[in-house]
Amino acid sequence: MRNIYDLTLKELEDYLISIGEKSFRASQIYDGLYKKRLSSFDEITNISKELRQKLNNTFSLYKIKLLIKQTGDNVNKYLFELEDGNKIESVLMFHDYGISICVSSQVGCNMGCAFCESGRLKKVRNLLAYEIVEQILLIEEDIKKRITHVVVMGIGEPFDNYDNVLRFVRIINCNKGIDIGSRHITISTCGVIPGIKKFMKEDGQVNLAISLHAPSDELRSEIMPINKAYPLKELMEVIKEYISITNRRVTFEYIMLEDVNDSEKEALELVKLLRGINCYVNLIPYNETENIQFKRTKEWKILKFYDILKSNKINTTIRKEFGGSVDAACGQLRANN
Ligand code: SAH
């Protein structure tokens, strides 16, 4: 049975037309599910009993289960169980500008980045759109507040699950539904070029972030195997094309790994790589984990790196830290459960 949260408004309209109903019923159903947050079709009382019955026979509703919630300083982490028993996680962060959620897009990940805890579990399968949508619905129900920002930066490589992730984006962006503005949605990729090429042709204003982490092919290939398939020169070319087509600014994420990518030399290489590109760099203090040998760069060195970028006119921020206290950061959650 297909899950109702897997359908875009357009698909629901098409389904309704195909069974001889008026397409505007789709908006009523969306309204019931996403605005009123009704949890069964029988509660959607502005549609006929027959239609409710048909929906009951055709679609399932909530299917993922909230297993564990942990709270820390301005951060909640959630572990969910999927219908088939697989587990995924999301992290919720309370900022002064709103509430953001970091959602997973796959069970496991095949990208094999050396520093990443999430990637230690190889990809089991892609998530379907509804499994990501339900992460948002269940968490909003838990906190009794609206999530304002969504980042697809949890476990998985979104562009290795392109169609489901874009479907998810269409569903949460729909103004008849959850209605999260596209400018408040960010997809992060480790640099899967075919995905970026497709993404630049989508409409909407969804943000793109690139996990860069190294300014040279030599170093990047060492810590991110994807770089062997899509080396920096090609990646930067496609990013420039993306910016010229969409007119949008790209974010580069750069994890600070002690004595790996954090010296003055790398800072200057990064300046050279990014000069003239409409972007900003987000320096991320690395979250150390038991199983992986990389260490976090000392704060003074992060600041020095930051200064070099800034003084060379590269827009740069240092990521505010969340989650360390509850192991919520980037894939540490599932690892312990
Ligand atoms: N595969 C996509 C989406 C996952 S994003 C991508 O690579 O962009 C997850 C982000 O968290 C990436 O930027 C990743 O490099 C970063 N990350 C992974 N492990 C981390 C850790 N231990 N500490 C801080 N950031 C980490």
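Order of listing sets the numbers, starting from 1, for every ligand and every atom in it. Just so we're clear, the structure is a prediction, and the values are computed from it rather than from any experiment. Positions are given from 1, in the same order as the sequence printed here.
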Yes or no: does [X] have any heavy atom under 4.0 Å from an atom of ligand 1?
X      : value
Gly154 : yes
Ile255 : yes
Cys109 : no

Students often mix this up, so state it plainly: with edges at 30° and 60°, are the rings of [X] and [Y] parallel, tilted or perpendicular?
X      : Y      : answer
His184 : His149 : parallel
Phe199 : Phe159 : tilted
His95  : Tyr97  : parallel

message = What I want to know is whether Ile284 and ligand 1 share at least one N or O pair that is separated by under 3.5 angstrom.
response = no
Under 3.5 Å between some N or O of ligand 1 and some N or O of Glu253?
yes
Under 4.0 Å between heavy atoms, the region of Pro158 that gets near ligand 1 turns out to be side chain
Contact region, Thr189 to ligand 1, non-hydrogen atoms below 4.0 Å, reads backbone
I'd like to check which ligand 1 atoms, numbered from 1 as shown, lie under 4.0 Å from a non-hydrogen atom of [X].
X      : answer
Cys190 : 6 (C), 7 (O), 8 (O)
Ser211 : 6 (C), 7 (O), 8 (O), 12 (C), 13 (O)
His213 : 13 (O), 14 (C), 15 (O)
Gly156 : 1 (N), 2 (C), 3 (C), 4 (C)

| message | Can you see whether Gln135 engages Ser104 through a side-chain donor-acceptor pair at a distance of less than 3.5 angstrom? | response | no
Residue pairs passing the salt bridge (charged side-chain N to carboxylate O under 4.0 Å, His left out) test with at least one member in residues 170-180, sequence neighbours excluded, are Arg170-Glu202
Determine, stepwise, if the pair Asp42 / Asn56 fulfils side chain to side chain donor-acceptor pair (under 3.5 Å).
-> CA-CA 8 Å; Asp42 294 327; Asn56 275 324; 3.1 Å; yes
Here the pair of heavy atoms bringing Tyr62 nearest to Tyr5 is CE1-OH, 3.2 Å
Quiz item: Taking Asn76 for the side chain and Leu92 for the main chain, is one N or O donor matched with an acceptor at less than 3.5 Å?
Solution: no
